[in-house]
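Taking it in order: structure first as C-alpha cells, then the write-up.
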Amino acid sequence: MSVRTAHLDIRGMSCANCSQTVGDSLEALDGVTAATVNYATDEASVEYDPEVVSLAALYDAVADAGYEAISEHRTVGISGMTCANCADANRTSLESVPGVIDAEVNYATDEASVTYNPAEVTLDDLYRAIEDAGYDPIREADGSAGDDDARDVARRDEIRRQRRLLLFGVGFSVPLLAMLAVELFTASGLPETIPGLGLPMGWLAFALATPVQVVLGREFYENSYTALVKNRRANMDVLIAMGSSTAYLYSVLVLLGVLAGSLYFDTAALILVFITLGNYLEARSKGNTSEALRTLLELEAETATLLEDGEEREVPLDDVQVGDRMKVRPGEKIPTDGVVVDGDSAVDESMVTGESVPVSKAPGDDVVGSTVNQNGVLVVEATKVGSETAIQQIVSLVKEAQGRQPAIQKLADRISAYFVPAVIANALFWGAVWFFFPEALAGFVQSLPVWGLVAGGPAVAGGSISTFEFAVVVFASAVLIACPCALGLATPAATMVGTAIGARNGVLFKGGDILERVKDVESVVFDKTGTLTKGEMTLTDVVAVGPAADGAGVVTGDEALGEAGVLRYAAAAERDSEHPLARAIVAGAEARDIDFPEADDFENVPGHGVRATVEGKTVLVGTRDLLSDDGIDPSPVEDTLQSLESDGKTAMLVAVGGELVGVVADADEIKPSAADAVAALQSRGVSVHMITGDNERTARAVAEAVGIDPDNVRAEVLPEDKADAVESLQADGKRVMMVGDGVNDAPALATAFVGTALGSGTDVAIEAADVTLMRDDPLDVVKAIRISEATLTKIKQNLFWALGYNTAMIPLASLGLLQPVFAAAAMAFSSVSVLANSLAFRGYVPDHDYRLFDFLRGER
C-alpha cells in the first residue's frame, strides 16, 4: 500500500468541535489511515492511499462536513498537441502530480484546466508535468493579466510555424508533382537519367523528397517517440510517421536495388504536405473558435478619465481603484463596473446582455464596464475593477465552461483511446492478407463497383506490381486514412462555439457538461418575485381597522389608528429590512410625507415578516401566522385580505401593542415576457411550476396572468423549504430547472438538476447556479434550452462525420482502393471539415430552434 500525506488549509472552522467534525469526516473514508485537524492553524494533515481514495474525495469530505478546503484553479496553455490522445497524455501526467485534485485537457483550445491544492502544488509543478508528457507549456510571467496574451502569441506563432513548413514542403513537392504529371500524361515520359549527371531520375526524386521528410517529418517522428516511449500510447503522429516513412523507406530500398518495384517519393512527400496543410488550417480554425472571447476582451476600455478635486486626469485602466470617480463622455466606453453618481444618459449594454435597446441610466443606477455611453455625460463611481468586473467574469465563466467537457465527450475519449492501436492492427492485418493471398483478395475486390477507381488494384490483379509492393501500399493507406483528430475535435469545437453563442446572448453556462444537461430539462420551476415579476414592489393600499383616529395618526387611548397611523408604524418597523416588500412600504410612507420614528429590537422572521419595538410598543408586520403566533386574531380583516390577494397584491397585517390595527398591500408588476416564456416552454412539452413565499391567492393570481396551471403553484414556501419543494418534484425522476434570483434561492438552485439564476448584469458569478442569465428576462430560459439543443445537435453532426468518415474510408484503404497520398489528403480534410462545421454554427441566434441549414439560407 502506498501512503501519501496531504496538507489541507481549511476555511470556516471556529472551535475545536469544528476540527473534530472535519477529522471524523475524513477518517470515515476508505483509504484514509489518519487525519489530524488543527483548529489553531486551520490545517489538516491527512495520510491516505491514493489507489483507494482520491484527493478530490478528501476535499468532498471536508465540504460534506460543512467547511471548505482551499483549492486553486489554473488554466495552462499547451502547445504541440495533435489529437485527443495527446490531451489524454497531458491529463494523466497532470493528475499524477501529488496535490492535483482534477485536470481536464482540451485539445480544441490547447489548454489544461487544473484544480489543485496550493499548499502542495506550484505552477512550475504543472509546467514540469506537461513537459514530462512530452509537450510544451505556455509559461506566463505572473499568471494573471498576461495569460491570454501569452496564449494568443503562442497560437499566432503556431500558425506562422505551420505556414512556413507548408511553404517549404510545397516548394519541394511541386517539382515532384510535375515529374509525376509528365510520367502519367506524356507519351515519352521522363528521361531515364538526370540530364548532365547521368544518374537515374529516381535520385532527383530522392533529393526533392528527403528535405520534406526531414523538415516536415521531424515533428511527427519526435512526437511519435514521445507518445510510444514516454507515454506508452499511440497517437495520430504515429500513424502519420508510419505511413510516410513506409513509402519513403520502401522507395529508398528500391532506389538502392535492395527491392524491386516502383518509387513512391512523391507519395511520401505529399503525405507530409497534405497533413501539414491540415495542421495549418486547423490552427487557424482553432483561433477562430476563440474569436468571440478575444473580441469581448478587446471591448474593454484602455484608459479612464478620473475626477480628483475637480480636475480631470486620464490614467490606464489598470490604475483605477474601487471608489474612484470617472467621467464618461458620449460615445466613450464605461471603464469599469460602477454606479452613476451624476448625469443622465442611455447606455448600450448589448455586448453584455445581448439586448440591442440602450438602457436609460440616472444617479443610483448600476453600469457595466465596457458598455458604451450613448448621449449624456456620466460621472461613475467604480465598484468593481480588474478581474472582478462583469466582462472579466463572463470571460472567466466561458473559459471554464469550455474546459469542462460534456459527458458525450467521454464516448469520444473512450473510442480515441483504442482507435490508433486498432488502426495499426487493421493495417498490418490487411497488408499481410494482400501479401499472402493476393489473387483471392484481388478477385473479390474486382467484383466491387468501385474497382479501378484508384490505381493499384488492377495492377496487382494483373501481375504488373509485386504483392509485397502492393501490401506496402495498402498498409500505408490504411494507417493514413484514419483520423483521431476529427474525433477529438468533434465535441470541444462545438462546445466552444456553443458557450460563445451563449455569452453573446447573455446566457452563461458554468461548464460544457451543463450546456449538455440543459436540453434534457422536463420541468421549469420559477420563483415569483424578481423572476416572473419585476421585483419592484409598490405600496398600493393602506387599510385601517375600525373608525379613523385623528389625522396625525396617533394612538389616542383605545381609539383605532387611521391609515396614516397604520402606515407610520409599519414603515418604522420595516425601516431596517432589505426585503422588497419592506422597501415598498418605507418608500410609500416617504412619498406621503409621513414622518416615522426609529425602531428598536428589530427582528426579521423569515417567510413571515418583521417584529420591532416602536415608541415602546411591539409592532408586527407580516402574515397571518406571524400575528397568530403572538395570540392576535387576524380574522376581522380576512375579507379585506382575500380581496387584495385576489387582485394579485401581497397583503400584510399590521399589529401595534398586541392589537390588529390594519393592512398594507404591495403590488409587483409582471414582466412583459413572462407569459411568452411560459407559453414557449409549454409548447416544447416542458411543464412549468411556480414556487413563492407569497400567499396562496396572490400566487394564483400571478400564475393565472402568466399561464401557469394553478395545480403547479406552491405558495407560502419558506426560503429554506424551497429546496425541499424542488426535491419533491424530482423525486419521481423528473429533471427540474429552478429559476430564481441566485441569492435567496441558492439552496433550491443547488438542488435542481439545473440551477438558473437571473442576474442584473453585474453580479454574474453566482456560485449556486449552473446557468446565469445576464438579463432579468425569463424568456432567456428558452434561449438557454435552445442553445443547449443546438450545440448537442452540432456535436452529434461532428461525431457522425468523424465516425462515418472512418467507417467508410478505412475499408476502402484496406481493400487496396485508395492510394496513400489520397488517404493523407482525406485525413487532413476530415479534421478541417469538423472545425468548419462547428464554425458555421457561430451565426446561430437562439430566437428559434436550430436548423442545420439556417446559415445557408441567410437566417440568423
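- In this structure, Thr305 OG1 and Asp324 CG are separated by 12.0 Å, a value rounded to the nearest 0.5 Å.
- The nearest pair of heavy atoms linking Leu94 to Ala112 is CD1-CB, 3.7 Å.
- Distance CG/Asp9 to CG/Asp42: 8.0 Å, rounded to 0.5 Å.
- Among Leu749, Val524, Asp770, the single residue meeting the side chain to side chain contact (heavy atoms under 4.5 Å, CB included) criterion with Met738 is Leu749.
- No more than 12 heavy-atom neighbours from other residues, nucleotides or ligands sit within 6.0 angstrom of CD on Glu302.
- Contact of the Ile334 side chain with the Val347 side chain is registered, since non-hydrogen atoms from C-beta on lie closer than 4.5 Å.
- Side-chain atoms of Glu120 and Asn117 form a donor-acceptor pair, as typed in the model, at a separation below 3.5 Å.
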### Message
Set out, in order, the CA-CA distance, both residues' side-chain angles and the distance that settles side chain to side chain contact (heavy atoms under 4.5 Å, CB included) for Val507 and Met774, then state yes or no.
### Response
CA-CA 6 Å; Val507 179; Met774 294 295 292; over 6 Å; no
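- Ionic pairing of Arg329 and Glu312 is present here: one or more N-O contacts between side-chain nitrogen and carboxylate oxygen are shorter than 4.0 angstrom.
- Remark: side-chain polar atoms of Ser788 are paired, donor with acceptor, to backbone N or O of Lys519 under 3.5 angstrom.
- Looking at Arg786, its side chain never comes within 3.5 Å of a backbone N or O of Val845 through a donor-acceptor pair.
- Under the side chain to side chain contact (heavy atoms under 4.5 Å, CB included) test applied with Ile10, the options Asn38, Val62, Ile70 reduce to a single match, Val62.
- Side-chain N or O atoms of Ser345 include none that pairs as donor or acceptor with a backbone N or O of Asn373 at under 3.5 Å.
- Between the side chains of Ser673 and Asp777, at least one donor-acceptor pair of N or O atoms lies under 3.5 Å.
- A cation-pi arrangement is present between Arg517 and Phe753 under the rule of less than 6.0 angstrom and at most 45 degrees off the ring axis.
- A donor-acceptor pair under 3.5 Å is formed between the side chain of Ser93 and the backbone N or O of Ala129.
- Of the listed residues (Asp102, Asp60, Ile101), just one forms a side chain to side chain contact (heavy atoms under 4.5 Å, CB included) with Leu55, and that residue is Ile101.
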### Message
Let's go through Asp666 and Ile585 carefully: what are the C-alpha distance in whole Å and the side-chain angles of both, what is the deciding distance for side chain to side chain contact (heavy atoms under 4.5 Å, CB included) to 0.1 Å, and is it a yes or a no?
### Response
CA-CA 8 Å; Asp666 292 344; Ile585 292 172; 4.0 Å; yes
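- Panel note: side chain Thr499, backbone Thr495; a donor-acceptor pair is recorded below 3.5 Å.
- Under the 3.5 Å distance criterion, with hydrogens and angles disregarded, a donor-acceptor pair is assigned to the side chains of Thr303 and Glu314.
- Electrostatic pairing of Glu104 and Arg91 does not count as a salt bridge here, judged by no charged N lying under 4.0 Å from a carboxylate O.
- Between Phe509 and Gly502 the shortest heavy-atom distance is CE1-CA, 4.4 Å.
- Taken to the nearest 0.5 Å, the CZ atom of Arg11 stands 9.0 Å off from the OG atom of Ser71.
- A donor-acceptor pair is defined here as one N or O able to donate and one able to accept, closer than 3.5 Å; no such pair exists between the side chain of Tyr844 and the backbone of Thr791.
- Glu349 contributes atom CD, which lies 5.5 Å from atom OG1 of Thr371 (distance to the nearest 0.5 angstrom).
- In this structure, Glu311 places its CD atom where only 12 or fewer heavy-atom neighbours from other residues, nucleotides or ligands lie under 6.0 Å away.
- The nearest pair of heavy atoms linking Ala304 to Met326 is CB-SD, 4.2 Å.
- By the 4.0 Å N-to-carboxylate-O rule, Glu131 lies too far from Arg128 to be salt-bridged with it.
- With hydrogens and angles ignored, the 3.5 Å screen pairs no side-chain donor or acceptor of Ser577 with any backbone N or O of Glu574.
- Of all heavy-atom pairs between Val76 and Leu126, the closest is CG2-CD1, 4.4 Å.
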### Task
Step by step, work out the side chain to side chain contact (heavy atoms under 4.5 Å, CB included) result for Val328 and Val377.
CA-CA 6 Å; Val328 187; Val377 176; over 6 Å; no
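- Residue Asn106 holds its CG atom at 12.0 Å from CG of Asn90, rounded to the nearest 0.5 Å.
- Residues Tyr135 and Ser79 have side chains not in contact (no heavy-atom distance under 4.5 Å, counting atoms from C-beta outward).
- Not one N or O on the side chain of Asp125 forms a donor-acceptor pair closer than 3.5 Å with the backbone of Val97.
- Closest heavy-atom contact between Ile501 and Arg842: CG1-O, 4.1 Å.
- Contacts of Glu72 classified as side-chain contact (heavy atoms from CB on, under 4.5 Å), with partners at least two apart in sequence or in another chain: Tyr116, Pro118.
- Not a single donor-acceptor pair under 3.5 Å links the side chain of Thr531 to the backbone N or O of Lys528.
- Judged by distance alone, with hydrogens and angles left aside, the side-chain atoms of Asp365 form a donor-acceptor pair with the main-chain N or O of Ala362 at under 3.5 Å.
- With rounding to the nearest 0.5 Å, the separation of CG in Leu758 from CG in Asp780 is 7.5 Å.
- Nearest approach of Gly369 to Asp337, heavy atoms of both residues: N-OD1, 2.7 Å.
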